[in-house]
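Below: one structure, written as structure tokens.
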Amino acid sequence: MSNNPLLDTSGLPLFDQIKPEQVSPAMDALLAESEAALEKVTGPDVPADYDALSLLLDVPTERMGRAWGAVGHLNSVADTPELRAAFNENLPRLTEFYTRLGSDERLYAKYKAVNLADQAAGAEHKLPPARRRALDNALRGFVLGGAELQGAAKQRFAEIQELQAAKSQAFSEHLMDSTDAFSHFASTDELAGVPDDVQAATRAAAEAEGKPGHKLTLHMPCYLPVMQYATNRALRETMYRAYATRASEFGPAERDNSTLMQEIVALRQEEAQLLGYANFAEVSLVPKMAQSPQQVMDFLRDLAKRARPYAEKDMAELREFARTECGLSDLQAWDIAFVSEKLKEARYAFSDQEVKQYFTEPTVLKGLFGLIEKLFDVRITPDTAPVWHETVRFFRIERAGQLVGQFYLDPYARPGKRPGAWMDDVRGRWTRPDNHATQTPVAHLVCNYARGVGDKPALLTHDDVTTLFHEFGHGLHHMLTQVDDIGVAGISGVEWDAVELPSQFMENFCWEWDVVQQLTSHVDTGAHLPRELFDKMVAAKNFQSGMQTARQIEFSLFDMRLHAEPGAQADVQKVIDEVRQEVAVNIPPAFNRFQHSFSHIFAGGYAAGYYSYKWAEVLSADAYAAFEEAATPQTGVLNPEVGRRYREAILEAGGSRSAMDNFKAFRGREPQIDALLRHQGMA
């Protein structure tokens, strides 16, 4: 047992040593440790004192959380049948423990006593502000965790948490399996128009299976270029149908998410009613900035109204171009990416493919790191750590020679890795109560772009670059924090509808000429991106931004209505159809089952919270405007003084104050929507 790598939580996770058969024994030991701690801390011998509670309970539960986090991470990026079985065997046990912990009346009573003592204490004996906020969050967490429920209601609440965890995990697995299961072998002729680097990768994939031609998959580095560039309309339709019907009734019954969606939403509704709320959307908003489901829907509908004329214009232009230039009088869903790319090339005289030749991965990373170093007064250097795949890299961030944080970068798409891009925490910043040392934060930064072929580096689309910057924004929020209370350090304790501020903020730099020069070197010549090409990109920046905004509103409104209207889960398709009738300018085909792969809300923590992306965009655009306002010919937008203020007010403060207080500390006022509308060409 002593050589189980999951039990060694003294340093970084031993990812290269973790085996599926070690998961259950490790969880047995860690759960027993945490159980014993819970019994001890709730007993009469332990005083109602914040430090005492933290020492006895937070230390073992944080240790268990880190070990389980490593298992969950591997389950997302290196999925195997054995690991999945081990994960699913232990998921109910962990869920049951955390549910019980969050609803333990004895523990809740101790925290309430800490609260009363703090309220009665003189100014010099009160809890520091960050700890006070952590305590407030904990008390709120107990209420939302069912600590005030009794008897059968409490038991049912616990059952609901376990069922939800299992069903969300199943949703995620069905989507990953449906994505991985599809392959289509095509001839070189069928791939006419598809970029050479994509064809090289699909040919290599076919060769690896001893087959002729090209192996096409639904992973983004393959799927998207086929949809954008393949002149073969039948091939685009094949790919679109497969992608749009993943994990639905159009595939194998064992991978159909239809029933799971209904069950997940019904369970959330039942949870809300047990807690005394009318619907789950109300529960979801308790720890967020937005006050009510109605306020969110009003915000979304107002934005929809502003975006509508632009979205309709985008769509009309696309239809007209399809008819006159592409010979498509009946524009279909599988034509949209293709015709959009052609229209963009015609209007702005460049293609994503042309741009991609300049964004070589080593140069992009060097430029990104240089920007972070200049703005936030840190240094990023390679570091060593055990990893789960040969392509994963590890880095450290220092300020004045002192370690601030570290991160893993896992950039490439591969089978067994879930799609999308995300930041996750390995551990948080914490002045540990057991040894009084400061634990530095560590993050995972995960993307899914294509590897380079042969001796060529990976080539990133401008979208890939923006995604990388986005996830780095989350990473900086987690890693640059200076808060020592783990519950409010970094991203912990930040309102969910403000958590996208630092990530969306970083995306803006991808549109600055001075920055883009540092991010580019042509794959063959080493030349920077030419100014002429950059100007075309900027001119095209808001290409179809009306349509894109309408689409985000569609997803957000669907999510909010699904969780705010009792009974909505009975016909999920009806809800999304109604939302599309209200806000969409482009209605997809009847067979489209987007909702069956909407992991954000069914398996990813964004339930009744997807609106956060648009909500936080108001914050991030306004925050970035501070850099635009302070730009000089010498510094451009990379003004270190504004960078320092942003770092201190937002990144370092983390969840230790409300997001609004952080924002006001940086901007000196509340956020305004003007910058967002201006950035998106809708002012």
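FYI, the numbering just counts along the sequence from 1.
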Counting only heavy atoms not in Gln573, do more than 12 fall under 6.0 Å of its CD?
yes
Assess the side chains of Thr179 and Arg246: does a donor N or O sit below 3.5 Å from an acceptor N or O?
yes
Expected output: side-chain Asp180 to main-chain Gly416 donor-acceptor under 3.5 Å:
yes
Would the Tyr606 and Tyr613 ring centres measure less than 6.0 Å apart?
yes
For residues 133-145, the salt bridge (Lys or Arg N to Asp or Glu O under 4.0 Å) pairs (sequence neighbours left out) are Arg132-Asp136, Arg133-Glu495
What residues form a side-chain hydrogen bond (donor to acceptor under 3.5 Å, both in side chains) with Arg429, not counting sequence neighbours?
Asp484
Using modelled atom types only, decide if a donor and an acceptor are shared between the side chain of Asp559 and the backbone of Gly609 within a distance under 3.5 Å.
yes
Do the ring planes of Phe598 and Phe602 sit parallel (below 30°), tilted (30 to 60°) or perpendicular (above 60°)?
perpendicular
Excluding sequence neighbours, so at least two apart, what forms salt bridge (charged side-chain N to carboxylate O under 4.0 Å, His left out) with Glu565?
Arg561
What I want to check is whether the side chains of Glu173 and Gln169 have a donor and an acceptor closer together than 3.5 Å.
yes
Do Arg241 and Phe591 meet the cation-pi criteria used here (NZ or CZ under 6.0 Å from the six-membered ring centre, within 45° of the axis)?
yes
Measure from the ring center of Phe555 to the ring center of Phe594 and say whether it is less than 6.0 Å.
yes
Val296 and Ala290 have their tightest heavy-atom pair at CG2-CB, 3.6 Å
Minimum heavy-atom distance between Ala608 and Ala281, given as atom pair plus value
CB-CA, 3.8 Å
Quick check against the 3.5 Å criterion: does His389 have a side-chain atom that pairs as donor or acceptor with the backbone of Thr391?
yes
Please report the C-alpha distance between Trp334 and Tyr243 in whole Å, then the side-chain angles of each, then the deciding distance to 0.1 Å, and finally whether the ring pair (Phe, Tyr, Trp, His ring centres under 6.0 Å) criterion is met.
CA-CA 10 Å; Trp334 45 90; Tyr243 191 82; over 10 Å; no
How long is the straight-line distance from CG of Leu175 back to CG of Leu218, given to the nearest 0.5 Å?
10.0 Å
Compare every heavy atom of His174 with every heavy atom of Arg255, then report the nearest pair and how far apart it is.
O-CB, 3.5 Å
Does some side-chain heavy atom of Glu82 sit less than 4.5 Å from a side-chain heavy atom of Val23?
no
Dump the intermediate steps for side chain to side chain donor-acceptor pair (under 3.5 Å) on Thr440 and Arg427, then the final yes or no.
CA-CA 8 Å; Thr440 51; Arg427 68 179 191 213; 3.2 Å; yes
Please tabulate, for the side chains in residues 14-21, all donor-acceptor contacts under 3.5 angstrom to protein atoms that are two or more places apart in sequence or on a different chain.
none

Using only atom types and a distance under 3.5 Å, with no angle test, would you say the side chain of Ser248 pairs donor to acceptor with the backbone of Thr245?
yes
Nearest heavy-atom approach of Ala489 to Val483 is CB-O, 3.4 Å
Given side chain to side chain contact (heavy atoms under 4.5 Å, CB included), test Trp430 with Ser54 step by step and report yes or no.
CA-CA 11 Å; Trp430 192 21; Ser54 184; 4.1 Å; yes
Just checking, any donor-acceptor pair under 3.5 angstrom between side chains of His596 and Ser258?
yes
Is there a donor-acceptor pair under 3.5 Å between the side chain of Thr481 and the backbone N or O of His478?
no
Could you check whether any side-chain N or O of Asn448 sits under 3.5 Å from a backbone N or O of Pro221, counting only pairs where one atom can act as donor and the other as acceptor?
no
Step through the shown structure and confirm whether more than 12 heavy atoms of other residues, nucleotides or ligands are within 6.0 Å of CZ on Arg414.
yes
For the atom pair CG (Asn3) and CG (Asp8), what is the distance rounded to the nearest 0.5 Å?
10.5 Å
What's the verdict on salt bridge (Lys or Arg N to Asp or Glu O under 4.0 Å) for Asp410 and Arg393, showing C-alpha distance, side-chain angles and the deciding distance?
CA-CA 7 Å; Asp410 182 354; Arg393 281 160 280 176; over 6 Å; no
Can we say Lys154 and Glu148 salt-bridge, meaning some charged N sits less than 4.0 Å from an Asp/Glu carboxylate O?
no
Check whether Asp425 reaches the backbone of Gly428 with its side chain - one donor and one acceptor, N or O, closer than 3.5 Å.
no
Could you pull out all residues at least two apart from Asp485 that satisfy salt bridge (charged side-chain N to carboxylate O under 4.0 Å, His left out)?
Arg131
Between His470 and His474, does the ring centroid distance fall short of 6.0 Å?
yes
Taking the side chain as everything from C-beta on, heavy atoms only, tell me whether Leu7 gets closer than 4.5 Å to Arg63.
yes
Output the distance between atom CZ (Phe250) and atom CZ (Arg593), rounded to the nearest 0.5 Å.
4.5 Å
Looking at Ala247, is its backbone amide N or carbonyl O close enough to the side chain of Ser178 to form a donor-acceptor pair, meaning the two atoms are under 3.5 Å apart?
yes
Does Ser183 reach the main-chain N or O of Leu216 with its side chain, forming a donor-acceptor pair under 3.5 Å?
no
Do Gln439 and Glu62 come close enough that some side-chain heavy atom pair is under 4.5 Å?
yes
Enter the distance from Leu285:CG to Trp496:CH2 here, rounded to the nearest 0.5 Å.
13.5 Å
Looking at side-chain heavy atoms only, is the closest gap between Leu275 and Phe157 below 4.5 Å?
yes
Please report the shortest heavy-atom distance between Ala584 and Glu554, naming the atom on each side.
CB-OE1, 3.5 Å
Taken to the nearest 0.5 Å, the spacing of Lys167 NZ from Met261 CE works out to 13.0 Å
Are Glu159 and Arg156 close enough for a salt bridge, meaning some N to O gap below 4.0 Å?
yes
Within 45 degrees of the ring normal and closer than 6.0 Å to the centroid, is that where the cationic atom of Lys112 sits relative to Tyr108?
yes
Between OG on residue Ser168 and CD on residue Glu263, distance to nearest 0.5 Å
11.0 Å
With sequence neighbours left out, which residue pairs that include part of residues 92-103 fulfil the salt bridge (Lys or Arg N to Asp or Glu O under 4.0 Å) condition?
Asp28-Arg93, Glu35-Arg100, Glu96-Arg100
Please report the shortest heavy-atom distance between Tyr240 and Pro589, naming the atom on each side.
OH-CD, 3.5 Å
Under 4.0 Å between a side-chain nitrogen and a carboxylate oxygen: does that hold for Arg84 and Asp79?
yes
Name the one of Phe472, Trp388, Phe394 that satisfies ring-ring contact (aromatic ring centres under 6.0 Å, His included) with His444?
Trp388
Short N-O contact, Glu39 and Arg106, less than 4.0 angstrom
yes
Between Phe299 and Tyr611 (judged by ring centroids, cut-off 6.0 Å), do the two rings come close enough to count as a pair?
no
Please examine the side chains of Val575 and Phe558, heavy atoms only from C-beta on, and report whether any two atoms are closer than 4.5 Å.
yes
May I ask you to test the Asp424-Val446 pair for a side-chain heavy-atom distance under 4.5 Å?
no
Are any non-hydrogen side-chain atoms of Leu139 and Asn115 less than 4.5 angstrom apart?
yes
When you measure from the side chain of Gln569 to the backbone N and O of Val265, does any donor-acceptor pair fall under 3.5 Å?
no
